[in-house]
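In this text the structure is predicted, and so the values were computed from the model without any measurement.
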Amino acid sequence: AVLRHLSFEPSGFADLLQGTVRVTNNLGRVHIEDCQIRGRDGSSSFLGLFANPGETGLLVSSSAAVAVHRCTITGGQGISTAPGPFGVGQVACSIGGLAIEAESCALSLHQVTATGGEGGSGAPTGVSGSDGGDGLRALFSSVIVSGCTLQGGDGGLGNLDGQSGAGVRSNGTGASLSELDSSLLGGAGAPGLLVLAGTHDVWTGEAWSLAISSPVRSGSVGSITASGPPNKVFALFISFGMGYLPKASFRGAFLPGSPFFGPLITATTNGSGSFSANFLAPSLAPFGLEGLLNIDQALMLQDVGPVLSSGTAFIQVEPPN
């Protein structure tokens with residue numbers, strides 16, 4: 001499944017909780033690219049005596065291979081207390097939502113900005129503030145973080161301030177976190193990284209990006225762009241299906257499926273670290289196809305060794321008759 005160039009807003013239905021976008025129980029591959037995802041904000045419940053929490057933006061659970069590229073993801077904000085007429089108002093505040101929650105899965109994040117929701121404040125009514133959400137909370141999961149900024153939400157103010165969220169919180173038997181060129185930032189007073197169980201590896205190198213315009217009709221011109229460190233050679237690989245192969249030696253997860261083709265081209269970024277080129281999409285009619293999905297990724301030779309780019313899903317379609 002591919003989600004590309006979409007904006008996901010939380011639903012107003014109270015029964016649809018636990019995440020604006022939920023990826024659960026997938027044995028296959030899921031690719032999310034250039035999307036915006038926002039968790040639902042906390043809300044009042046039962047005349048303000050209770051409060052619903054801020055919800056998760058992206059929930060990934062029990063899924064074998066999920067890759068997220070160049071997305072902005074935020075957790076829902078907690079609701080604050082507020083005085084009302086005749087002493088009635090919003091009595092309770094609620095916690096901020098997680099930006100990304102991962103449980104029992106393999107997850108790869110490339111140039112993702114994720115921010116946990118802020119905890120609701122109890123300051124106006126003397127109630128203790130609620131906790132902020134983590135940028136990423138991973139449980140029993142193998143996670144790769146490349147070129148990302150993951151930020152915890154601030155705790156709410158109050159009689160006792162709520163605890164702020166961590167940038168990344170990793171826990172659980174067999175959990176692993178591999179990090180490349182990323183900023184892990186806690187909310188006010190909180191750590192950027194909490195590894196409670198499992199392993200944490202920091203890879204050297206610079207994260208970089210590959211993107212291809214999509215969709216492109218056969219016979220029309222598409223474009224490929226790369227952005228990364230200057231004057232570096234890279235090679236392009238493609239496949240007609242998605243894969244997921246973590247490769248520490250390549251500093252990332254190799255995402256083209258089997259069989260893959262490449263290197264199809266080799267090129268070099270310019271002095272400002274960019275590369276762009278146009279291509280003509282060939283006809284799919286001789287193959288009896290109306291459309292075709294390619295998964296494209298490139299491998300760059302940096303001073304520290306090879307580094308994988310973010311991936312891109314290139315969808316080609318035949319023009320109408």
Side-chain angles (χ1 to χ4, degrees), residues 1-8 21 23-35 60 63-71 105-111 144 146 208-228 233-247 250 252-269 274-301 306-321:
V2 173
L3 305 177
R4 195 174 194 265
H5 286 176
L6 297 171
S7 178
F8 296 93
V21 173
V23 180
T24 60
N25 300 308
N26 286 276
L27 294 178
R29 278 64 170 148
V30 178
H31 178 103
I32 304 175
E33 180 179 357
D34 291 317
C35 290
V60 182
S63 294
V66 179
V68 185
H69 311 266
R70 298 181 302 278
C71 292
C105 65
L107 174 65
S108 183
L109 305 175
H110 302 262
Q111 295 172 318
I144 294 172
S146 177
W208 67 291
S209 178
L210 177 79
I212 294 180
S213 58
S214 182
V216 175
R217 292 195 182 277
S218 297
S220 64
V221 175
S223 63
I224 177 172
T225 60
S227 178
V233 176
F234 66 89
L236 176 68
F237 296 84
I238 72 166
S239 72
F240 303 124
M242 286 179 275
Y244 193 97
L245 179 62
K247 293 283 289 184
F250 289 174
F254 189 69
L255 301 176
S258 180
F260 63 85
F261 304 92
L264 292 185
I265 65 169
T266 57
T268 304
T269 55
S274 64
F275 170 87
S276 61
N278 294 329
F279 63 91
L280 181 66
S283 175
L284 300 176
F287 306 99
L289 299 175
E290 295 182 352
L292 185 65
L293 168 67
N294 298 327
I295 298 297
D296 301 75
Q297 195 176 27
L299 187 66
M300 176 181 284
L301 185 59
V307 180
L308 282 164
S309 70
S310 61
T312 184
F314 162 46
I315 301 170
Q316 180 182 337
V317 292
E318 281 293 287
N321 294 327

Counterpart residues, side-chain hydrogen bond (donor to acceptor under 3.5 Å, both in side chains), relative to Arg217 (two or more places apart): none
Minimal non-hydrogen separation, Ser227 against Trp208, with atom names: O-CB, 3.2 Å
Intermediate values then yes/no, side-chain contact (heavy atoms from CB on, under 4.5 Å), His31 and Arg4: CA-CA 8 Å; His31 178 103; Arg4 195 174 194 265; 5.6 Å; no
Contacts of Ser209 that satisfy side-chain hydrogen bond (donor to acceptor under 3.5 Å, both in side chains) - sequence neighbours left out: Arg70, Gln111, Ser310
Heavy atoms of other groups near Leu27 CG, more than 12 under 6.0 Å: no
Side chain Gln316, main chain Pro282, donor-acceptor under 3.5 Å: yes
Exercise: identify the closest heavy-atom pair between Thr24 and Asn26: O-ND2, 3.0 Å
Heavy-atom pair of closest approach, residues Glu33 and Thr312: OE2-OG1, 2.8 Å
Verdict with reasoning, Leu236 to Leu210, per side-chain contact (heavy atoms from CB on, under 4.5 Å): CA-CA 9 Å; Leu236 176 68; Leu210 177 79; 3.7 Å; yes
Reported CZ-to-CZ distance for the pair Phe254 and Phe237, which is rounded to 0.5 angstrom: 5.5 Å
Stepwise side-chain contact (heavy atoms from CB on, under 4.5 Å) check, Ile32 with Cys71: CA-CA 8 Å; Ile32 304 175; Cys71 292; 3.9 Å; yes
Contacts of Ala106 that satisfy side-chain contact (heavy atoms from CB on, under 4.5 Å) - sequence neighbours left out: Tyr244
By side-chain hydrogen bond (donor to acceptor under 3.5 Å, both in side chains) - contacts of Ser108 (at least two apart): His110
Residues which pass side-chain contact (heavy atoms from CB on, under 4.5 Å) with Ser276, listed by chain and number, not counting sequence neighbours: Thr225
Contacts of Phe8 that satisfy ring-ring contact (aromatic ring centres under 6.0 Å, His included) - sequence neighbours left out: none
Ser63 vs Val30 side-chain heavy atoms within contact, under 4.5 Å: no
Straight-line distance of Leu280 CG to Ser220 OG, nearest 0.5 Å: 7.5 Å
By side-chain hydrogen bond (donor to acceptor under 3.5 Å, both in side chains) - contacts of Glu318 (at least two apart): Ser218
Please set out all donor-acceptor pairs under 3.5 angstrom arising from side-chain atoms of residues 257-269, sequence neighbours excluded.
from   : atom 1 : to     : atom 2 : distance (Å)
Thr269 : OG1    : Pro229 : O      : 2.8
Thr269 : OG1    : Asn231 : N      : 2.9
Thr269 : OG1    : Lys232 : N      : 3.0

Tabulate below the donor-acceptor pairs under 3.5 Å that side-chain atoms of residues 290-298 make, not counting sequence neighbours, or state none.
from   : atom 1 : to     : atom 2 : distance (Å)
Gln297 : OE1    : Leu255 : N      : 2.8
Gln297 : NE2    : Ala253 : O      : 3.1
Gln297 : NE2    : Ser309 : O      : 2.9

For Asn25, all residues meeting side-chain contact (heavy atoms from CB on, under 4.5 Å), sequence neighbours excluded: Ser62
